[in-house]
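The block underneath contains the structure these notes are about, expressed in structure tokens.
Note that the numbering runs from 1 along the sequence shown for the chain. Note that this is a predicted model, so its numbers are computed, not measured.
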Amino acid sequence: QVQLQESGPGLVKPSQTLSLTCTVSGGSITTNNYYWSWIRQPPTKGLEWIGAIDYFGNTYYSQSLKSRTSISRDTSKSQFTLQMSSVTPEDTAVYYCARSGLQYDYWGQGTQVTVSS
């Protein structure tokens, strides 16, 4: 059974960098054919895909967020990390990590990140 858990600061100041870590258990982030994604949901809005890292370590990003988003991984810790720079209050959202193959089959519980001074 694959489990994902987001962690990181719940409050980030505007212009600073948001950094979240997803810890994966019960599965390997190097398993073939799976992508490890970050998705967010701002208040009252729908889900927005941020980006992903695949089993080789290749990264993929939303065009709208690519310029300030970076996803990396630490395979020894079974973790992958989201960094988003220059945040604004519009980046306030619940942030999820999830595994994707043909579908998103496993999700973390989500973590609230508020951008505010």
Q. What about the rings of W36 and Y55, do their centers lie closer together than 6.0 Å?
A. no

(Q) Between T17 and S19, is there a side-chain donor-acceptor contact under 3.5 Å, judged purely by atom types and distance? (A)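 Absent: no donor and acceptor within the cut-off.
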
Q: Start with the C-alpha gap between W107 and Q3, add the side-chain angles, then the distance that decides, and say whether side chain to side chain contact (heavy atoms under 4.5 Å, CB included) holds.
A: CA-CA 7 Å; W107 292 70; Q3 297 182 77; over 6 Å; no

Would the distance check show the side chain of [X] and the main-chain N or O of [Y] forming a donor-acceptor pair, the cut-off being under 3.5 Å?
X	Y	value
T92	P89	yes
Q16	S85	no
S86	S15	no

**Q.** Steps toward side chain to side chain contact (heavy atoms under 4.5 Å, CB included) verdict (N58, I53)
**A.** CA-CA 5 Å; N58 301 311; I53 187 164; over 6 Å; no

Q. Pick from V87, V12, L11: which one makes a side chain to side chain contact (heavy atoms under 4.5 Å, CB included) with S116?
A.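 Per the side chain to side chain contact (heavy atoms under 4.5 Å, CB included) rule, the option paired with S116 is L11, out of V87, V12, L11.
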
Q.
Consider side chain to side chain contact (heavy atoms under 4.5 Å, CB included). Of L4, I29, T30, which one does S78 pass it with?
A.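 Option passing the side chain to side chain contact (heavy atoms under 4.5 Å, CB included) with S78: I29.
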
Closest heavy-atom pair and its distance - [X], [Y]:
X	Y	result
W38	I71	CD1-CD1, 3.8 Å
Q109	Y96	O-CE2, 3.6 Å
L65	T69	O-OG1, 2.7 Å
Y61	S70	OH-CA, 3.5 Å
S37	A52	OG-CB, 3.4 Å
E6	G110	OE1-N, 3.0 Å

So how far is it from [X] [atom1] to [Y] [atom2], rounded to the nearest 0.5 Å?
X	Y	atom1	atom2	answer
Q112	Q41	CD	CD	10.5 Å
Y106	Q1	OH	CD	6.0 Å
T59	K66	OG1	NZ	8.0 Å
M84	R68	CE	CZ	5.5 Å

(Q) Apply side chain to side chain contact (heavy atoms under 4.5 Å, CB included) to residues L18 and L82 and explain how you reach the verdict. (A) CA-CA 8 Å; L18 179 159; L82 169 69; 4.0 Å; yes

Q: Please check if V2 and I39 belong to a single hydrophobic cluster, counting links between Ile, Leu, Val, Met, Phe, Trp and Tyr side chain heavy atoms closer than 4.5 Å.
A: no

Q: Spell out, yes or no, whether Y35 and I50 are grouped together once hydrophobic residues are joined by side-chain heavy atoms under 4.5 Å, including indirect joins.
A: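 No, it is not one cluster - the side chains of Y35 and I50 are not joined through contacts under 4.5 Å.
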
Q: Could you please spell out the steps behind the side chain to side chain contact (heavy atoms under 4.5 Å, CB included) verdict for V94 and T111?
A: CA-CA 5 Å; V94 177; T111 186; 6.0 Å; no

Q. Do NZ/NE/NH1/NH2 and the carboxylate oxygens of R73 and D54 come within less than 4.0 Å?
A.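 Result for this pair is no, no salt bridge flagged.
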
**Q.** Within residues 84-117 or reaching into it, pairs that qualify as disulfide bond (SG atoms under 2.5 Å apart) - sequence neighbours excluded
**A.** C22-C97

Q: Is it possible for you to check whether R99 lies under 6.0 Å from the centre of the six-membered ring of Y34, through NZ or CZ, and within 45° of that ring's axis?
A: yes

Q: With sequence neighbours excluded, tell me which residues meet side-chain hydrogen bond (donor to acceptor under 3.5 Å, both in side chains) with Q79.
A: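 With sequence neighbours excluded, Q79 shows a side-chain hydrogen bond (donor to acceptor under 3.5 Å, both in side chains) to T23, given in chain and number order.
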
